[in-house]
Amino acid sequence: MTTASGTREVAAPRSRVWRALAVLEPYCAVCDVSYVVDGEGSGRGTRFVCVPGQLAGDQRPREGAPRGEIVEWEPERVVATRLELTPETWTTRIELADAGDGGTRVTITLTHAPRRVRLADRFTRSALQRMVQQTVDGELDKLPAHVEQVTAG
C-alpha cells in the first residue's frame with residue numbers, strides 16, 4: 001500500500017469547497033470525468049461509476065468502468081471514496097477545516113493498494129510513491145478551478 005498527502009488553502013468558505021469537492025455532479029469539466037450515481041443519494045454508502053469524458057444524453061458507462069463508493073461522509077468536514085479498478089484500489093480522503101480570512105484548508109490523502117502483491121512491486125515502490133504524490137499535488141492544483149465551478153452561497 002502506498003499513501004501520499006498534501007494540504008492547500010482555498011479562498012472560499014468551507015460550504016462552497018464542500019459542494020465543489022464532495023458532491024458528485026454528473027460531469028466535472030475540471031477533471032473531464034462523468035459520474036453515474038446509483039440512486040439519488042449522497043453520503044456514506046453511495047455507489048457510483050466514473051468514466052473519462054462527458055457522457056451524452058442517455059449514454060451509459062461501458063462495462064468494466066471503474067466503480068466507487070463513498071466510504072466516509074461528515075458534511076463540510078470529511079469525504080472519502082474508494083475506487084475499484086481491475087488491478088488496484090484507490091482511496092481518496094478529503095478533509096476540510098477553516099482557515100484564516102474565511103478560507104478553507106483542504107487536505108487530500110490518496111492511498112493506492114494493488115489487489116495482488118507481486119515481487120515486481122517491491123522494485124517499483126519509489127516510482128509508485130512519486131506517482132501517488134504527483135497525483136495528490138495535481139489534485140491540489142485543481143482546487144481553485146473546482147471551487148470556481150460552484151456558484152457562491
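Predicted, not measured: the structure shown is a model, and the values here were computed from it.
When atom types are taken as modelled, the side chain of Arg82 and the backbone of Thr89 share no donor-acceptor pair closer than 3.5 angstrom. No donor-acceptor pair closer than 3.5 Å links the side chain of Glu84 to the backbone N or O of Trp90. Within the 3.5 Å criterion, the main-chain N or O of Thr109 finds no donor-acceptor partner in the side chain of Arg93.
If you take CE on Met131 and NE2 on His112, they are separated by 5.5 Å, rounding to the nearest 0.5 Å. Rounded to the nearest 0.5 Å, atoms CD (Glu72) and CD (Glu95) are 8.0 Å apart. Taking CD1 of Ile108 as the reference point, atom CD1 of Ile94 lies at 5.0 Å (rounded to 0.5 Å). The structure places CG of Leu110 at 8.0 Å from OG1 of Thr3, a figure rounded to the nearest 0.5 Å. Rounding to the nearest 0.5 Å gives a distance of 11.0 Å between CD of Glu148 and NE2 of His146. Taking OH of Tyr35 as the reference point, atom OG1 of Thr46 lies at 13.5 Å (rounded to 0.5 Å).
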request  = Could you check Ser42 against Leu24 for side chain to side chain contact (heavy atoms under 4.5 Å, CB included), going step by step and ending with a plain yes or no?
outcome  = CA-CA 8 Å; Ser42 60; Leu24 294 174; over 6 Å; no
field: Worked check of side chain to side chain contact (heavy atoms under 4.5 Å, CB included) between Leu96 and Arg77
entry: CA-CA 5 Å; Leu96 306 180; Arg77 293 181 34 101; 5.8 Å; no
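Inter-residue side-chain proximity for Pro61 and Leu55 is flagged as met; some heavy-atom pair is nearer than 4.5 Å. For the pair Val79/Leu21, no side-chain contact is recorded, criterion being any heavy-atom separation below 4.5 Å from C-beta on. Between Val150 and Trp18, the closest side-chain pair of non-hydrogen atoms is not below 4.5 Å. Using a 4.5 Å cut-off on side-chain heavy atoms (C-beta onward), Thr107 and Ser5 make contact.
A donor and an acceptor atom, one from each side chain of Gln54 and Ser34, are nowhere located under 3.5 Å apart.
Of the candidates Pro66, Cys28, Cys31, Cys50 forms a side-chain contact (heavy atoms from CB on, under 4.5 Å) with just one, namely Pro66.
When all heavy atoms of Phe48 and Leu83 are compared, the pair lying nearest together is CE1-CD1, 4.2 Å.
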